[in-house]
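Here is the structure we will look at, set down as structure tokens.
Since we're looking at a predicted model, the values are computed, not measured. Here is the naming used below: chain letters follow the sequence lines, and residue numbers restart at 1 for every chain.
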Number of protein chains: 2
Amino acid sequence: MTDSAKPRREQIYDVASRLFSERGYHATSMRDLAGELGIQGGSLYAHISGKEDLLVEIVRGASQQFDDSLFTLRELDLPADQKLREAMFRHIRVVADNMDSATVFFHEWKHLSEEPYAQVVAWRDTIDAFYRELVERGIEEGVFRADLDVRMTANLVLSAVNWTYTWYRPGGTLTPRDIAEQFAEMLLSGLRQA
Amino acid sequence: MTDSAKPRREQIYDVASRLFSERGYHATSMRDLAGELGIQGGSLYAHISGKEDLLVEIVRGASQQFDDSLFTLRELDLPADQKLREAMFRHIRVVADNMDSATVFFHEWKHLSEEPYAQVVAWRDTIDAFYRELVERGIEEGVFRADLDVRMTANLVLSAVNWTYTWYRPGGTLTPRDIAEQFAEMLLSGLRQA
DNA sequence: CCTACCGATCGGTAGG
DNA sequence: CCTACCGATCGGTAGG
């Protein structure tokens with residue numbers, strides 16, 4: 001589907017994601033945005049209610065993608081190491097397939113007003129909890145080392161998958177699957193020569 | 001040393017670091033900044049040359065701290081696993097001791113004008129190279145697994161140390177040393193039960 | 001370091 | 001979707 005076949009509203013959100021990720025939310029003017037779409041600044045308001053509405057929707061869309069991708073994993077009956085691989089893959093795939101909105105999500109959420117801001121904070125807690133649960137299960141199953149600090153382990157995994165938004169380049173040779181497999185293998189088996 | 005004992009210029013950079021990290025560069029006005037210092041907006045220009053000067057200096061200061069901390073490690077004669085521990089500790093300590101400027105560094109460097117922007121890009125390459133070298137040495141020494149992908153390994157380490165700026169809280173129970181030791185131990189030995 | 005001001009630009013609206 | 005406009009605010013300067 002080409003851009004011009006999409007509804008105007010969607011085009012606006014797409015371009016806003018790109019500009020916000022490249023320049024930042026506050027450094028992007030509504031006239032910049034309109035210019036990229038070939039219309040006048042004031043004309044945007046026929047389709048959207050305001051600038052923050054754009055940010056709210058982009059951030060909500062990104063967190064929704066993480067949720068859809070990760071929470072369906074909860075009930076899956078897999079050994080913890082395989083579940084970790086799969087979670088990392090899905091997490092990285094969301095970032096890789098949505099580089100613009102993921103970047104906006106990680107960089108601009110602090111500029112949200114109170115209510116959507118609080119939702120992002122709450123969302124982040126649920127993602128932390130998801131990875132902590134996964135680690136706890138792994139310890140219980142005897143798949144992971146018993147002396148792991150659950151919080152720090154989840155932290156390390158989250159560092160690896162989240163930081164991809166800073167260096168991943170779509171169209172390169174590395175697929176999200178490649179990245180996840182390599183990261184998971186290093187995390188599970190360690191860097192040290194056995 | 002209390003704030004009021006510092007030169008005005010330093011006070012301005014300190015407050016700018018905090019405000020830029022909390023609100024972002026473009027969302028912080030020079031009047032916001034002046035207000036926190038108890039002076040008028042125009043009075044700032046007796047001490048600094050402009051808004052971007054603040055950002056340039058904050059970013060330069062942060063990258064300088066990383067350089068000073070990491071590059072003295074190069075000539076140190078340590079086994080690669082110990083060197084990795086020490087590098088991670090120093091890296092995390094720079095982030096933890098400079099949360100404001102580190103946050104500005106990671107979030108706002110894209111808003112720099114051409115020349116300082118290019119310097120940040122070049123700097124990032126030197127840091128990548130530092131960690132890749134460390135991994136290569138470890139493989140040569142037989143301390144690290146021979147089948148490691150050097151670039152991805154450096155990537156994973158950098159993810160762990162850089163991402164700390166998003167979750168570390170000064171004054172908590174975890175010291176930079178604690179974090180580095182735990183992360184390094186997990187990375188070196190792996191999560192899997194042996 | 002202040003007062004007073006500059007031109008530019010901002011997000012958003014009215015009326016068509 | 002455009003033209004024309006609003007008040008507010010921006011970074012920065014002159015003169016003291």
Among pairs that include at least one residue of residues 32-44 of chain A, which meet side chain to side chain donor-acceptor pair (under 3.5 Å), considering only residues two or more places apart or in two chains?
-> A:Arg18-A:Glu36, A:Arg23-A:Asp32, A:Ser29-A:Asp32
In terms of side-chain heavy atoms, does A:Tyr13 have a donor or acceptor partner in A:Asp53 at a distance below 3.5 Å?
-> yes
Close aromatic pair by centroid cut-off 6.0 Å: A:Phe130 and A:His91 = no
May I ask you to decide whether B:Arg90 forms a salt bridge with B:Glu86, counting only side-chain N to carboxylate O separations under 4.0 Å?
-> yes
Between the side chains of A:Asp100 and A:Ser21, is a donor N or O closer than 3.5 angstrom to an acceptor N or O?
-> yes
First contact, last contact: which nucleotides of DNA chain C are these for chain A, 5' to 3', heavy-atom distance under 4.0 Å?
-> C:dC10 to C:dT13
With sequence neighbours excluded, what pairs up with A:Tyr117 under the ring pair (Phe, Tyr, Trp, His ring centres under 6.0 Å) test?
-> A:Trp109
Let me check something: any side-chain donor-acceptor pairs from residues 138-155 of chain B under 3.5 Å, sequence neighbours excluded? List them with distances.
from: B:Glu141; atom 1: OE1; to: B:Ala80; atom 2: N; distance (Å): 3.0
from: B:Arg145; atom 1: NE; to: B:Asp147; atom 2: OD1; distance (Å): 3.2
from: B:Arg145; atom 1: NH1; to: A:Gly190; atom 2: O; distance (Å): 3.2
from: B:Arg145; atom 1: NH2; to: B:Asp147; atom 2: OD2; distance (Å): 3.1
from: B:Asp149; atom 1: OD1; to: B:Arg151; atom 2: N; distance (Å): 3.1
from: B:Asp149; atom 1: OD1; to: B:Met152; atom 2: N; distance (Å): 2.8
from: B:Thr153; atom 1: OG1; to: B:Asp149; atom 2: O; distance (Å): 2.6

Where DNA chain D forms stems, i.e. three or more consecutive Watson-Crick or G-U pairs with both distances under 3.5 Å | C:1-16 with D:1-16
Are B:Lys110 and B:Tyr25 in a cation-pi contact, defined as NZ or CZ under 6.0 Å from the six-membered ring centre and within 45° of the axis?
-> no
Could you pick out which residue, A:Tyr25 or B:Arg31, lies toward the 5' side of DNA chain C when each is mapped onto its nearest nucleotide?
-> B:Arg31
Can you check whether A:Phe183 and A:Trp163 have ring centres sitting under 6.0 Å from each other?
-> no
Near DNA chain C, under 4.0 Å by heavy atom, which residues of residues 32-50 of chain A?
-> A:Gly42, A:Tyr45, A:Gly50
Decide side-chain hydrogen bond (donor to acceptor under 3.5 Å, both in side chains) for B:Arg8 and B:Gln11; before the verdict, give the C-alpha distance in whole Å, the side-chain angles of both, and the deciding distance to 0.1 Å.
-> CA-CA 5 Å; B:Arg8 213 31 154 177; B:Gln11 289 180 40; 2.7 Å; yes
